[in-house]
Structure formats: C-alpha cells, structure tokens
*Asks:* 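The structure's right below; bear with me while I get my questions together.
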Amino acid sequence: MRIRQVLDNLLSNAVKYNRPGGRVSVATSVGDQWSIIAVQDSGVGLNEEDLGSVFQRYYRGVAVRDSAVAGNGLGLAISRDIVRRHGGDITVSSVLGVGSTFTVTLPTRRPGAGA
C-alpha cells in the first residue's frame with residue numbers, strides 16, 4: 001500500500017506540474033536484484049536549487065512557489081521515506097522548462113527472503 005502511495009504522489013505531481021497538452025509516462029523494469037519505476041513528465045522542470053532540495057520536507061520548487069498550484073511540500077519527502085524504508089531509493093533528473101523524471105529503485109526481493 002505504501003508503494004502505491006509513492007506512485008500516486010509521483011503521478012499526481014507529474015500531472016499537476018505539467019503544461020497543458022503535456023505528457024506523462026511510466027516505465028518499469030525488473031531485474032534479479034532491483035525493480036525500477038520511472039515517472040516522466042514534460043512539465044515545468046526543476047532548476048539546480050530545486051534538484052538539491054526537492055526531497056526536503058515543506059520544500060516547494062521555485063517554478064511553483066508563486067503559481068496557483070496547491071501543495072505543502074511534503075509529498076516527495078514522504079515518498080522518499082517510504083521508498084527508503086522498503087530498502088530502495090528515489091532520485092530525480094530534470095531540466096527547467098523541459099520536464100522531470102523521478103526514478104524509484106526497490107529491491108526485487110525483501111531482505112532476508114529466500115531466492
């Protein structure tokens with residue numbers, strides 16, 4: 001249920017911070033050790049300051065602070081905490097004005113689970 005919460009947050013953000021007629025895509029990959037989920041959008045993107053702070057609690061990116069888009073800056077911090085509690089990580093790559101890709105990497109098997 002918690003990973004579903006992460007995906008819901010990433011997809012919600014991809015839509016919320018996109019431009020009219022923009023694109024959102026989801027890609028997945030499963031390997032022996034890791035499962036990867038990538039959510040990509042063609043939205044407003046993030047600048048360098050945002051990239052370093054986007055997973056901090058209450059942080060809202062420069063491009064959205066003065067916009068009408070509602071938010072409290074908790075979603076990505078909570079998502080990161082959830083993913084880390086599952087033994088994984090979440091990263092972001094972005095270009096301001098072009099879009100962002102959030103990548104969730106999770107262990108394919110639970111730690112201590114048999115092969």
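Please read all numbers here as calculations on a predicted model, not as lab measurements.
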*Asks:* Partners of Thr103 by side-chain contact (heavy atoms from CB on, under 4.5 Å), sequence neighbours excluded?
*Replies:*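 By the side-chain contact (heavy atoms from CB on, under 4.5 Å) rule, Thr103 matches Ile36, Ala38, Thr91, Thr101, Thr105.
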*Asks:* What's the spacing between Phe102 CZ and Asn13 CG if we round to 0.5 Å?
*Replies:* 6.5 Å
*Asks:* So, does Arg19 use its side chain to make a donor-acceptor pair with the main chain of Gly97 at under 3.5 Å?
*Replies:* yes
*Asks:* Could you tell me if the side chain of Arg23 sits less than 4.5 Å from the side chain of Asp41, heavy atoms only?
*Replies:* no
*Asks:* Run the side-chain contact (heavy atoms from CB on, under 4.5 Å) test on Leu46 and Leu96 for me, step by step, so that the C-alpha distance in whole Å, both residues' side-chain angles and the decisive distance to 0.1 Å come before the verdict.
*Replies:* CA-CA 5 Å; Leu46 302 164; Leu96 189 62; 5.8 Å; no
*Asks:* Ile90 versus Leu10: any side-chain heavy-atom pair under 4.5 Å?
*Replies:* yes
*Asks:* Could you walk me through whether His86 and Ile3 pass the side-chain contact (heavy atoms from CB on, under 4.5 Å) check?
*Replies:* CA-CA 9 Å; His86 282 80; Ile3 298 303; 3.9 Å; yes
*Asks:* I need the full list of salt bridge (Lys or Arg N to Asp or Glu O under 4.0 Å) pairs touching residues 88-103, with sequence neighbours left out, sorted by first then second residue.
*Replies:*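 Every salt bridge (Lys or Arg N to Asp or Glu O under 4.0 Å) pair that includes a residue of residues 88-103, provided the two are not neighbours, is Arg84-Asp89.
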*Asks:* Supply the members, apart from Val98, of the Ile/Leu/Val/Met/Phe/Trp/Tyr cluster built from side-chain contacts under 4.5 Å; use none for a lone residue.
*Replies:* Val95
*Asks:* With distance as the sole criterion, is a donor-acceptor pair present between the side chains of Ser79 and Asn9 under 3.5 Å?
*Replies:*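 The criterion, which ignores hydrogens and geometry beyond distance, is satisfied for Asn9 and Ser79.
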*Asks:* Can you name the closest pair of heavy atoms from Ser94 and Leu51 and give their distance?
*Replies:*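 Scanning both residues completely, I find the closest heavy atoms to be CB-CD2, 3.9 Å.
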*Asks:* For Ile78, give me all partners under side-chain contact (heavy atoms from CB on, under 4.5 Å), at least two apart in sequence or on another chain.
*Replies:*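 Partners of Ile78 by the side-chain contact (heavy atoms from CB on, under 4.5 Å) criterion, ordered by chain and then number, come out as Gln5, Arg57, Leu74, Ile82.
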*Asks:* If you look at every heavy atom in Ser100 and Gly45, which pair is closest and at what distance?
*Replies:*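 The answer is OG-CA, 3.6 Å.
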*Asks:* Between Gly87 and Trp34, what is the shortest heavy-atom contact and its length?
*Replies:*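 Result for this residue pair: O-CZ3, 3.8 Å.
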*Asks:* Name all residues meeting the side-chain contact (heavy atoms from CB on, under 4.5 Å) criterion together with Val30; count only those two or more places apart in sequence or in a different chain, and write none if there are none.
*Replies:*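 With neighbours one apart ignored, the set is Ser35, Thr108.
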